[in-house]
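Not measured: the values here are computed from a predicted model. Throughout, protein chains are lettered first and strands after them, A, B, ... in sequence-line order, and every chain is numbered starting at 1.
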Protein chains: 2
Amino acid sequence: MTRPFANALELLRAARLRPTRQRLALARLLFEKGDRHVAAEELHGEALAAQIPVSLATVYNTLHQFVGAGLLREVVINPGRSYFDTNVSDHHHFFYEDSGLLRDIPGDSIAVSNVPPPPEGGSIRRVDVIVRVEKAPQKGRA
Amino acid sequence: MTRPFANALELLRAARLRPTRQRLALARLLFEKGDRHVAAEELHGEALAAQIPVSLATVYNTLHQFVGAGLLREVVINPGRSYFDTNVSDHHHFFYEDSGLLRDIPGDSIAVSNVPPPPEGGSIRRVDVIVRVEKAPQKGRA
DNA sequence: CAACAGTTTAGAATAATTATAATTTCTGAT
DNA sequence: ATCAGAAATTATAATTATTCTAAACTGTTG
């Protein structure tokens, strides 16, 4: 079991972000219980429920700073809402269209091959695969 | 060269949408010049520039109706803005992060293999691959 | 051409996010 | 410990894309 950061404090130090009350608390909420996909409002709700006084603006600021520091990855799937993924290793996603649920697909269980070079030049920064799933279980077609 | 619909009128008929002034005009703007990726506001601007009196609300309505009819595909990549893709065949996308430009990758020039079955059940409706490109041309790393 | 359903519209409403400007809190030097 | 300055947080306003609403208009059908 790898534990890259013993605690939130160490994690913030590595990211060169001042360990403030709010950032520490948000880091704990985000990283102390396995892989998650959270929206900003959602995390704000959790923080308030945990008696952590933090404004929504700070939640947004912090999420973006964490993305900048490579601690989070932003996942955009639906118009009008971003999710923040605590798993920053190479992986992809199932997206359940009925519930909006997002689920990781490990990077090594899927393969994307023959990606052509970008026509306008530039370098490939990342390849995202989103597998859209609809609720109905697979059956023979009518 | 395949031309699936001789004109906008035929296309609307096939989609069982009344051929109104606005829908005809928008269909022409969308489909009469090759594959495109347009945002709603953008299309609205084009329509006004072409002297077609149409409200933004109608542009949104029409785009969604076209998606429902399978004439367009909605592509979500950035938070807060949807693009509508006139190419509804099997394909994927390059996304140029600096400019926001979207470019098709033909479906047969890329392969996604070993997609595991969705853990919660359900059937795979579509697999989207987004190749994120950053402007800087590829070089050896420093 | 009248009636009715389907469409369009301006404008209000909503939702997520970002900006602003004032206040508070960290940090490092004393 | 204390202080000054920088950085962070906050409430609130502003912005952006999108959706809703209810009234006005238009296309179709008899």
Side-chain angles (χ1 to χ4, degrees), chain A residues 8-13 15-29 37-48 50-69 71-72 74-85 100 102, chain B residues 8-30 37-48 50-69 71-72 74-85 100 102:
Chain A
L9 185 62
E10 207 176 315
L11 176 143
L12 289 177
R13 283 224 193 85
R16 310 188 148 272
L17 293 168
R18 276 200 198 171
T20 63
R21 235 172 257 305
Q22 290 81 349
R23 291 211 270 235
L24 281 165
L26 293 175
R28 277 188 216 107
L29 286 174
H37 304 97
V38 240
E41 305 255 10
E42 218 174 311
L43 183 61
H44 185 227
E46 285 182 23
L48 295 189
Q51 310 271 31
I52 298 151
V54 63
S55 72
L56 185 54
T58 295
V59 172
Y60 275 105
N61 289 341
T62 303
L63 286 171
H64 288 139
Q65 289 153 355
F66 283 11
V67 169
L71 302 173
L72 287 177
E74 190 170 359
V75 183
V76 181
I77 285 188
N78 268 347
R81 171 161 299 200
S82 276
Y83 288 91
F84 294 86
D85 189 345
L102 216 48
Chain B
L9 185 62
E10 208 177 313
L11 177 142
L12 289 176
R13 283 225 192 84
R16 311 190 148 271
L17 292 168
R18 273 202 200 168
T20 62
R21 234 172 256 306
Q22 291 81 347
R23 292 211 270 235
L24 282 165
L26 293 175
R28 277 188 217 106
L29 286 174
L30 285 167
H37 304 97
V38 239
E41 305 256 10
E42 217 174 310
L43 182 61
H44 185 227
E46 285 182 23
L48 296 189
Q51 310 272 33
I52 299 150
V54 62
S55 72
L56 185 55
T58 295
V59 173
Y60 275 105
N61 290 341
T62 303
L63 287 171
H64 288 139
Q65 289 153 355
F66 284 9
V67 169
L71 301 174
L72 287 177
E74 191 171 357
V75 183
V76 181
I77 284 187
N78 265 347
R81 171 159 300 200
S82 277
Y83 288 91
F84 294 86
D85 188 346
L102 216 47

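- Residue A/Arg81 has its side chain nearest to C/dA16 when only C/dT8, C/dT17, C/dA16 are considered.
- Of the two residues near DNA chain D, B/Gly80 and B/Pro19, the one whose nearest nucleotide lies more 5' is B/Gly80.
- Distance, B/Leu56 CG to C/dT9 C1': 11 Å, rounded to whole Å.
- The 5' end of DNA chain C is approached more closely, in terms of each residue's nearest nucleotide, by B/Thr58 than by the other of B/Thr58 and B/Pro79.
- Backbone-only engagement by A/His64 is indicated by non-hydrogen atom pairs under 4.0 Å involving sugar-phosphate atoms exclusively.
- Distances shown here put every side-chain N or O of B/Tyr60 at or beyond 4.0 Å from the OP1 or OP2 atom of D/dT19.
- Taking atom CG of residue B/Leu12 and atom C1' of nucleotide D/dG27, one finds them 13 Å apart after rounding to whole Å.
- Listed for the B/His44 side chain is no donor-acceptor partner under 3.5 Å among the backbone atoms of B/Ala39.
- As a whole-Å value, the separation of B/Glu42 CD from D/dT18 P is 11 Å.
- Shortest non-hydrogen contact noted between B/Leu11 and B/Ala27 is CD2-CB, 4.2 Å.
- One N or O on the side chain of B/His64 and one on the backbone of B/Tyr60 form a donor-acceptor pair closer than 3.5 Å.
- Here A/Thr20 lies in heavy-atom contact (under 4.0 Å) with sugar-phosphate atoms only.
- Rounded to whole Å, atom P of C/dG6 lies 20 Å from atom CZ of B/Arg21.
- The shortest non-hydrogen separation linking B/Pro19 to B/Leu9 is CB-CD1, 3.4 Å.
- Separating the CG atom of B/Asn61 from the C1' atom of D/dT21 is a distance of 12 Å, rounded to the nearest angstrom.
- For the pair A/Arg16 CZ and C/dT27 P, the interatomic distance rounds to 14 Å; values are reported in whole Å.
- Protein atom CZ of A/Arg23 is 11 Å distant from nucleotide atom P of C/dC26, rounded to whole Å.
- Mapping B/Ala57 and B/Arg18 onto DNA chain C by nearest heavy atom places B/Arg18 at the nucleotide closer to the 5' end.
- Look at A/Gln22 and you'll find a side-chain N or O under 4.0 angstrom from OP1 or OP2 of D/dT10.
- Between A/Gln65 atom CD and C/dT18 atom P there is a gap of 12 Å when expressed in whole angstrom units.
- Not a single donor-acceptor pair under 3.5 Å links the side chain of A/Arg28 to the backbone N or O of A/Ala8.
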